[in-house]
Amino acid sequence: MARIDLEDVGHRYAGAADAWALRPMTMTWSDGGAYALLGPSGCGKTTLLNIISGLIAPSRGRVSFDGRDVTALAPEARNIAQVFQFPVVYDTMTVFDNLAFPLRNRGWSGARLRQRVEEVADILELRPDLPRRARALSADQKQKISLGRGLVRPDVAAE
């Protein structure tokens with residue numbers, strides 16, 4: 001993980017110019033740290049994550065990864081993934097294909113792709129399940145697949 005700096009980041013949705021969906025905030029998430037977003041429904045947790053990932057442009061402020069301003073970058077240029085509370089898996093695909101999906105979207109194939117998928121499958125104890133269809137798996141296994149799709153993505157510097 002890179003260091004993530006949020007500098008005076010805030011957001012108002014269109015049509016709600018007088019109400020903040022995310023009040024302006026400044027925060028740093030250090031590389032290697034563990035962080036949690038807690039709060040009631042509607043407090044801005046998802047809005048903040050969508051701003052960090054580039055799905056939403058903040059109304060104000062700046063987002064930086066390792067000192068590099070990424071505020072205006074598209075999501076695919078940020079090399080960041082979200083893992084949601086409820087797993088998003090493709091039930092018709094095998095576990096291998098679910099894990100390989102982000103890499104194939106980046107043009108990976110062959111031995112390089114297989115090696116990275118198997119590496120992440122080993123970390124998550126999913127290797128025996130690689131040939132199985134995702135629809136046949138338990139909820140906790142599907143959550144691991146969802147997490148694995150985030151972990152399988154390589155660092156930008158390694159590409």
When clusters are formed by joining ILVMFWY residues with side-chain heavy atoms under 4.5 Å apart, either directly or through shared neighbours, do [X] and [Y] land in the same one?
X	Y	answer
Tyr90	Trp108	no
Leu151	Phe101	no
Val89	Met93	no

### Task
Measure the CZ-CD distance between Arg127 and Glu119 for me, rounded to the nearest 0.5 Å.
10.0 Å
### Message
Rounded at 0.5 Å granularity, tell me how far CG in Asp5 sits from CD1 in Ile52.
### Response
10.5 Å
### Message
Show the nearest heavy-atom pair for residues Ala100 and Leu113, with the distance to one decimal.
### Response
CB-CD2, 3.8 Å
Between [X] (side chain only) and [Y] (backbone N and O only), is there a donor and an acceptor less than 3.5 Å apart?
X	Y	answer
Arg78	Leu73	yes
Lys45	Pro40	yes
Asp66	Arg3	yes
Tyr13	Ala19	no
Arg116	Val152	yes

### Task
Given side chain to side chain contact (heavy atoms under 4.5 Å, CB included), test Asn105 with Glu76 step by step and report yes or no.
CA-CA 10 Å; Asn105 283 340; Glu76 60 272 13; over 6 Å; no
### Message
In the structure I gave you, are the side-chain heavy atoms of Asp91 and Lys142 within less than 4.5 Å of one another anywhere?
### Response
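Asp91 vs Lys142: side chains touch.
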### Message
Hydrogens and angles aside, do Asp8 and Thr26 bring a side-chain donor and acceptor to less than 3.5 Å of each other?
### Response
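Result is no, nothing qualifies.
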